[in-house]
Amino acid sequence: MRRRVVRFILNGEEVEVYVPPAFTLLEVLRDVLHLTGTKDGCSDGDCGACTVLLDGKAVHSCLTIMAQVEGREVTTVEGLAGDGEPDVVQKAYVETGAIQCGYCIPGFIMATKALLTANPSPSEDDILEALRGNLCRCTGYVKIVEAVKKAVEEAGR
Amino acid sequence: MQQFRWVGRPIPRLDALDKAVGRTKYPSDYYMDNMLWGKVLRSKYPHAKILSIDVSKALKHPGVVAVFTHKDIPNNRFGLFHKDRPVLCDDKVRYIGDPVALVAAETPEAAEDAANLIDVRYEPLPVVDDVFKAVEGDGAKVHERGNVARQTRITFGDVEEAFDNAEVIVENTYRTGAQIHAYLETEAGLSYIDEKGRITIVSCGQSPYRDKKEICETLALPEEKVRVIIPPVGGAFGGKDDISVQIFLALITLKTGRPAKMFLSREESTISSTKRHMAYITMKTAADKNGKLLANQTEIILDTGAYEGLGPAVLDVAIENCNGPYKIPNIDIKAKLVYTNNYFASAFRGFGAPQVMFAIESQVDAIAEKLGLDPIEIRLRNVVRRGDYGVFRNKIEGSVGIADALEKARMHELWLRRDDIRKTRHRPWIRQGVGVAAAVKGYTIGALPDKGVVGIELTTDGRFIIKLSSTEIGQGVVAAIAQIAADMLSCHLKNIEIKAADTSQTPDTSVTSASRQLYLAGNALRKASEEMIKKLITAFSIATGEPAYNASVSDGYVVSTSTGRRLSYSEAARILEEKGIGREAFGEYEVPRTTPIPGTLEIPHLFYMYAAAIAHVEVNILTGVVKVKKLVLLPDAGRVINPQTFTGQVEGAAAQGIGYAVLEDAKIEQGILRTINLSTYLIPSIKDAPAMEVIPIETTEDTGPLGAKGVGEIGIIPVAPAVANAIKHATGVRVLEVPITPERLYRRLKEAGQNTPR
Amino acid sequence: MNRLHDIEVYSPKTLEEALEILRREGDRVKVIAGGTDLIIQMKDGIMPRKNLLNIYSIDELRYIRMGNDSIRIGALTSFTDIASSALIRNYARILADAANTIGSIQIMNKASIGGNLVNASPAADSIPPLYVLDAVLVLRSVEGVREVPIQSFYRGYKKLDIRSDELLTEVRVRRMAEDEDGIFLKHGLRLGDAISVVNAALLVKWDGDDRFKDVKIALGAVAPTVVRARSCEEALTGKELNDSTIWDAASKVVNDISPIDDVRGTAEYRREMSVNLLYIGLWEIINKRNQAGW
């Protein structure tokens with residue numbers, strides 16, 4: 001194993017890990033740091049469950065190697081809730097019943113967060129486009145769209 | 001309908017917040033110090049004799065702790081109906097997902113590299129990939145007992161005579177594909193030795209007690225040495241009903257004494273996991289000139305692949321529902337379950353019903369067209385109503401909402417605009433249409449014994465812990481049980497805690513399947529609640545000297561109806577503790593069942609759920625792409641416990657129905673699955689899921705907990721035929737095979753000369 | 001699907017450093033830009049395992065600029081940036097449209113145009129628009145600069161005109177003129193994110209007579225590389241345009257393509273989809289002009 005030190009900012013805090021530089025961010029978040037809120041649905045970039053924010057943009061942590069993370073800022077689902085208070089997006093997913101098995105949800109929440117940061121008042125089409133790479137097998141997406149709309153509404157208050 | 005404080009309200013699920021903030025631990029999220037990683041070597045061939053397995057190189061690989069083969073399995077055959085499945089293959093491999101060896105290593109990469117160093121010598125055998133050739137029996141055999149795992153024939157009345165007197169007869173052969181569950185979390189788990197020395201498996205699953213039994217039997221372990229815990233699972237839909245990683249995990253911990261983790265890659269999961277049975281259904285259906293169905297002759301062949309799994313029961317459900325929700329006086333059903341080397345088929349939401357409903361609902365539509373009848377009208381003329389006798393001459397005792405669902409569908413604006421929609425073309429190559437379908441499926445496990453136990457513990461601070469072995473596979477059963485419990489025990493919802501699915505702590509509540517977990521656990525809970533309330537009132541009598549008949553429970557208190565004196569639940573708990581009466585209550589419920597009709601295992605059911613669906617599609621005749629624009633679902637699932645969870649279940653099932661209807665094409669060529677990941681096996685994305693409207697048809701099921709039935713499966717069943725009927729309406733072309741993929745539909749349109757833009 | 005535990009990664013901060021490493025390591029390293037395809041290919045063993053030259057942090061390769069008669073796009077520019085660039089939307093709209101379909105938002109945020117070009121998937125959505133926009137690829141090494149027209153860059157299935165010491169640093173595309181119109185078309189098997197069964201870019205130049213003065217058509221996923229549909233182009237240039245002539249012209253595409261069977265579709269289906277997609281594209285372009293009052 002070829003390991004090296006990689007430094008980056010994780011959920012607002014500087015961290016340092018000693019890992020193979022071509023390990024994916026997902027492998028390190030889960031298997032090294034045991035930060036399991038970020039989910040592994042396919043490791044192929046097909047499902048979106050592993051979505052995190054890299055310098056504020058939604059990316060697949062399964063398709064990002066540690067060398068690419070060096071010096072950058074990573075936000076995971078655990079980093080959204082400030083002071084123990086869930087983010088408005090998280091609350092909206094809870095309240096609209098958009099969560100069933102919930103395994104895809106951290107990815108959806110991160111993709112939604114990125115959308116609302118870039119575009120605080122997205123149209124329905126914008127929502128569908130922003131989430132088209134996140135797969136959910138439980139909900140049929142109806143309540144997920146409702147959740148995003150509710151988050152938009154709540155954030156606008 | 002009686003009103004309740006909690007039941008019937010759209011309360012956000014108790015488990016949702018933890019899932020939203022990433023706190024919930026799923027089977028794949030468990031880690032332990034000093035943990036090993038397990039990796040399975042799977043078969044290279046769909047069908048081959050194993051000549052030898054040499055693990056010596058793998059054992060020498062750095063980081064490898066152990067390599068296991070069939071020699072390490074004391075009882076190497078298991079299965080729920082027929083013990084035909086090996087834990088690790090010995091004589092043969094029977095599909096490409098078949099496990100041959102198991103590696104335990106310090107890191108996942110060492111485990112994977114070592115698995116590739118295992119030298120297995122095979123002698124490839126002819127691949128049995130065609131059910132029709134398989135049943136002829138002169139070619140290769142998947143199992144020694146022959147390729148027909150089960151066959152039966154059920155006849156009532158005289159179909160031939162009915163055909164002679166019919167106004168119209170429609171005969172078609174339908175094919176349905178192998179659907180893959182594609183739950184977002186693949187099979188995963190962790191095993192370790194707990195503080196009491198038990199081998200403990202925390203893993204995915206749908207039934208902790210049944211998984212435990214299979215672990216104990218195959219590894220020859222006593223019951224008290226094994227503990228199974230099933231945390232919230234990242235989706236199941238029937239695909240985690242069968243054993244996946246559980247025995248492997250137990251084996252590694254048993255032999256090494258160390259914790260072990262497994263988490264299948266998407267590709268490994270897709271290849272090895274169970275699938276929905278491919279079906280071949282020939283149906284000949286007759287009606288008189290008024291559209292009254294006279295006869296239905298059906299031949300069903302289900303491809304169960306390498307092993308039976310739950311196949312025999314799936315075949316029963318296919319048999320039971322192949323006549324739709326209709327009264328048909330003459331039926332003749334021939335059904336076979338056939339072994340092949342294609343895959344391993346077992347349970348999937350709908351359990352045989354989606355396949356046959358596609359056939360019968362296409363048939364009924366075709367008959368309506370021949371007779372010039374409205375598709376909803378013909379269905380209404382034939383549907384079963386409460387108190388009727390069904391096709392098996394069984395009295396339908398439970399609630400029946402299908403006529404009501406169809407009546408509402410008939411008045412729905414989408415149906416009323418049907419002809420206008422058809423005429424609208426915003427591009428010369430776009431065609432639009434609207435189709436309908438009905439659906440039925442029994443819930444509960446039919447004529448098979450099915451009982452469950454639920455426990456309630458009153459805590460010293462006056463809250464309740466509900467203990468049950470239902471598994472939270474995403475469907476929301478845990479939250480729904482909490483809602484029912486709060487009403488039954490008359491307390492605030494926040495004072496209900498659920499402890500689920502740990503064989504060391506929770507009683508056996510049977511398997512979470514067949515849409516009946518709420519029904520079963522809810523009824524057991526009702527009995528336990530009655531028991532608990534008796535205890536609370538006993539405590540009240542002790543405290544006040546008032547007779548029990550004066551007392552009842554209300555919002556956290558036992559209250560005297562004559563004096564108004566009251567005792568809080570926490571005070572009651574103290575008294576029960578002091579007097580040695582105990583703070584626990586149990587309720588056992590056995591699902592009432594029927595006597596199976598000859599030739600079947602478990603049908604008919606006493607209870608049925610129903611649904612109607614309307615689909616609006618847009619077809620691109622130049623590409624064959626079908627866009628389902630809108631889906632209206634009218635499910636009869638009894639009393640709605642939580643409208644949010646209820647519609648969520650229906651919408652989610654319906655989206656799987658869209659996948660089944662037009663997208664999900666598991667390509668299997670000579671026993672090799674070609675679509676092994678989520679970029680080739682396409683499940684619906686947010687852009688593929690249509691707008692949906694769920695209109696519950698609330699009938700009250702008197703035997704259900706607070707009137708509830710089951711809702712888990714019904715949403716998927718009418719979708720494929722409704723979509724197919726809508727495509728027929730749009731293009732004039734009837735497709736007899738699902739999934740109706742673009743290429744398949746394009747070919748049919750071209751054959752029919754319907755691919756010219758205008 | 002094994003982890004990349006034994007791989008060295010070089011992460012230069014400047015282009016100069018990167019070129020120096022390439023000169024030194026040559027074939028021993030594989031360049032990783034966004035990495036969205038490379039990581040999977042390497043983990044799955046489709047691509048041999050090699051040490052990586054990670055250029056993801058070389059920000060000087062992220063830009064979209066107006067050149068003299070072209071638009072210059074830095075090789076590391078993400079598809080999100082391409083899709084949302086006003087410059088590209090105004091002057092190379094078909095490229096922006098294609099950029100929007102190359103994958104999910106997550107992929108668009110990370111994948112780069114240079115990575116997509118060098119990855120050389122015959123189904124890559126960004127490439128057909130680059131063919132019809134006469135893209136030129138800029139290749140740099142410590143030795144100097146080469147400019148290669150996109151069509152000669154691809155010599156066969158995943159065979160590229162690039163030396164092991166060279167790095168693709170820039171893509172230049174022609175600006176669409178006032179009298180030009182174009183369309184990007186994609187046929188995938190799902191409405192959401194899906195790999196193309198066939199994709200195509202059409203670029204036409206109108207004459208004053210409701211005919212095409214010039215037509216360029218490129219298709220993907222129907223040959224080992226993206227191909228130009230010369231037979232169709234010829235059949236359309238200067239000809240009267242009506243339903244039957246555009247059908248006839250579209251049908252000629254079968255002479256220009258050589259599709260194969262794969263998990264997403266048969267060769268036969270791909271041939272028919274190529275024809276139909278071109279018909280749809282031509283119909284849309286002509287209809288738009290008619291609607292505009294011509």
Side-chain angles (χ1 to χ4, degrees), chain A residues 1-4 6 19-28 31-32 40 42-72 107-108 110-112 114-115 118-119 126-136 141, chain C residues 1-13 29-44 46 49-59 62 76 78-81 83-84 100-112 115 188 190-195:
Chain A
M1 208 182 264
R2 288 169 188 251
R3 288 195 274 195
R4 98 147 91 107
V6 179
V19 295
F23 260 23
T24 66
L25 176 57
L26 179 63
E27 285 158 359
V28 171
D31 294 343
V32 177
D40 181 357
C42 70
S43 279
D44 275 337
D46 293 326
C47 78
C50 71
T51 303
V52 298
L53 304 185
L54 183 65
D55 288 343
K57 286 196 172 159
V59 301
H60 293 116
S61 59
C62 74
L63 299 183
T64 300
I65 58 169
M66 291 312 290
Q68 294 177 319
V69 173
E70 174 94 55
R72 293 179 195 268
F108 268 97
M110 298 317 285
T112 304
L115 167 70
N119 178 4
D126 294 337
I127 296 171
L128 301 189
E129 292 303 336
L131 301 179
R132 67 177 193 246
N134 288 76
L135 297 176
C136 170
Y141 304 100
Chain C
M1 196 60 185
N2 209 348
R3 300 175 180 216
L4 304 178
H5 58 93
D6 46 4
I7 281 177
E8 191 55 76
V9 185
Y10 306 101
S11 297
K13 292 279 179 289
V29 293
K30 179 86 195 161
V31 176
I32 177 170
T36 53
D37 222 6
L38 181 142
I39 293 167
I40 304 170
Q41 291 185 36
M42 218 173 246
K43 286 178 81 168
D44 281 350
I46 297 165
R49 288 193 176 207
K50 279 185 186 179
N51 289 342
L52 295 172
L53 172 60
N54 166 34
I55 60 168
Y56 193 64
S57 294
I58 305 181
D59 287 339
R62 294 176 209 274
L76 263 184
S78 74
F79 285 103
T80 298
D81 289 344
S84 58
N100 256 324
T101 75
I102 63 119
S104 59
I105 297 297
Q106 290 90 328
I107 296 285
M108 284 175 62
N109 280 339
K110 193 128 183 296
S112 67
R190 170 165 67 184
L191 300 169
D193 192 17
I195 291 172

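In what follows, every chain begins at residue 1, and chains take the letters A, B, ... in the order their sequences are listed. Computed over heavy atoms, backbone and side chain alike; hydrogens, waters and symmetry mates excluded.
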(request) Return the option, out of V9(C), I7(C), D193(C), with the maximum number of heavy-atom pairs under 4.5 Å with chain A. (result) V9(C)

(request) Measure L115(A) against the heavy atoms of chain C and call it side chain, backbone, both or neither at under 4.5 Å. (result) neither

(request) Applying side chain to side chain contact (heavy atoms under 4.5 Å, CB included), name anything that partners A83(C), two or more places apart in sequence or on another chain. (result) A99(C), N100(C), M108(C)

(request) Report the option among T51(A), L54(A), T24(A) that has the most heavy-atom pairs separated by less than 4.5 Å from atoms of chain C. (result) T51(A)

(request) Between chain C and each of R4(A), E129(A), E70(A), count heavy-atom pairs under 4.5 Å; write down the option with the most. (result) R4(A)

(message) Using every non-hydrogen atom in the two residues, find where A33(C) and I55(C) come nearest and quote the distance to one decimal.
(response) CA-CG1, 3.9 Å

(message) Looking at chain C, which one of R3(A), M110(A), R72(A), K57(A) has the largest number of heavy-atom pairs inside 4.5 Å, strictly under?
(response) R72(A)

(request) Flag the one option from C62(A), A58(A), G71(A), A111(A) with the top tally of heavy-atom pairs under 4.5 Å to chain C. (result) A58(A)

(message) Check for me whether R62(C) meets the cation-pi criterion with Y56(C), that is, NZ or CZ under 6.0 Å from the six-membered ring centre and within 45 degrees of the ring axis.
(response) yes

(request) For K30(C), enumerate each residue passing the side chain to side chain contact (heavy atoms under 4.5 Å, CB included) test, keeping only those at least two apart in sequence or located in another chain. (result) L38(C), M42(C), M47(C), K50(C), L52(C)

(message) Run the side chain to side chain donor-acceptor pair (under 3.5 Å) test on N109(C) and S78(C) for me, step by step, so that the C-alpha distance in whole Å, both residues' side-chain angles and the decisive distance to 0.1 Å come before the verdict.
(response) CA-CA 6 Å; N109(C) 280 339; S78(C) 74; 5.6 Å; no

(request) Answer yes or no: is there a side-chain heavy-atom contact under 4.5 Å between I65(A) and P21(A)? (result) no

(message) Less than 4.5 Å to any heavy atom of chain A: does that hold for the side chain of I39(C), its backbone, both, or neither?
(response) side chain

(request) Hey, could you give me the CZ/CD1 distance between F79(C) and I105(C), rounded to the nearest 0.5 Å? (result) 13.0 Å

(request) Could you tell me which of G45(A), A114(A), G133(A), G48(A) has the largest number of non-hydrogen atom pairs under 4.5 Å with chain C? (result) G133(A)

(request) May I ask you to name which of S104(C), G192(C), S11(C), G34(C) has the most heavy-atom pairs under 4.5 Å with chain A? (result) S104(C)

(message) Which atoms of D31(A) are under 4.5 Å from chain C, going by heavy atoms: the side chain, the backbone, both sets, or neither?
(response) side chain

